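FYI, side chains are in, hydrogens and waters are out, and symmetry mates aren't considered; it's all heavy atoms of this structure. Note that the coordinates shown come from a computational prediction; the quantities given were computed from them, not determined experimentally.
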Amino acid sequence: MPLSLRGRGGQTLAALLAYIALTVAMTWPIARGVARDVPADLGDALLNMWLMAWDAEALVAIANGAMTFGDLWHGNIFHPSPLSLTYSEHLLPQAVQGLPAYLATGNIVLAYSLVFLATFALSGLGMFLFVRELTGRARVAFVAGLFFAFVPYRLGQFPHIQTLSAQWMPFALFGLRRYFDTGRHAALAG
């Protein structure tokens, strides 16, 4: 049975697909070289890739019992200084988000680029869901998602994935709103 664009699920899918297409268009040519080209500059982006790779490897080592969570903070950079991961943002949420791509390919550029691109599409989707919940109007919500995902401030932050990763704020507000409206704990879990 085809999904109707009139239902909430169809609206959400249509919005997500539109935000993905707009992300590719607005950040072009990043999608073309997603597995080999570094988005933005070779300064902060490379540091952030190292951070995500270290986190991913450390999380796997922790899961295998080869490392403790405390050892995670002793990155293999600035040796012999201890706690070197604390010298910058740890990027653990971004590493978890990119972990499947990194584990499947071993390519941190691909994992980083996918997380980078996802910040735009997910920002749009999160704001769409939140504003639609507030107003009940999908078109208004779609425009709000456009503004949140592609505001010029974000376009100037390409080297800073930690700044771009604001997509979880509207999802959190959406969950809180659903919880206060319904009283269901599942909304908080989301």
Determine all donor-acceptor pairs shorter than 3.5 Å in which one atom belongs to a side chain in residues 15-26; sequence neighbours excluded.
unit_1, atom_1, unit_2, atom_2, d
Y19, OH, F142, O, 2.8
T23, OG1, Y19, O, 2.7
T23, OG1, A121, N, 3.3

What residues form a side-chain hydrogen bond (donor to acceptor under 3.5 Å, both in side chains) with T68, not counting sequence neighbours?
-> D71

Quick one: side-chain hydrogen bond (donor to acceptor under 3.5 Å, both in side chains) partners of N64, sequence neighbours excluded?
-> none

Transitive ILVMFWY cluster of V60 at side-chain heavy atoms under 4.5 Å: who else is in it?
-> L99, L103

Of all residues at least two apart in sequence or in a different chain, which pass the side-chain hydrogen bond (donor to acceptor under 3.5 Å, both in side chains) check with E57?
-> Y102

What residues form a salt bridge (Lys or Arg N to Asp or Glu O under 4.0 Å) with R178, not counting sequence neighbours?
-> E133

Mind checking ring pair (Phe, Tyr, Trp, His ring centres under 6.0 Å) for F180 and listing every partner two or more places apart, or none if nothing turns up?
-> none

Name all residues meeting the salt bridge (Lys or Arg N to Asp or Glu O under 4.0 Å) criterion together with R184; count only those two or more places apart in sequence or in a different chain, and write none if there are none.
-> none

Please list, chain by chain and in numerical order, all residues satisfying side-chain hydrogen bond (donor to acceptor under 3.5 Å, both in side chains) with N76, sequence neighbours excluded.
-> W50

Quick one: ring pair (Phe, Tyr, Trp, His ring centres under 6.0 Å) partners of F147, sequence neighbours excluded?
-> none

Output all residues satisfying ring pair (Phe, Tyr, Trp, His ring centres under 6.0 Å) with F171, sequence neighbours left out; order by chain, then residue number.
-> W168

Tell me, which pairs form a side chain to side chain donor-acceptor pair (under 3.5 Å) where one or both residues lie in residues 81-93, sequence neighbours left out?
-> E89-Q162

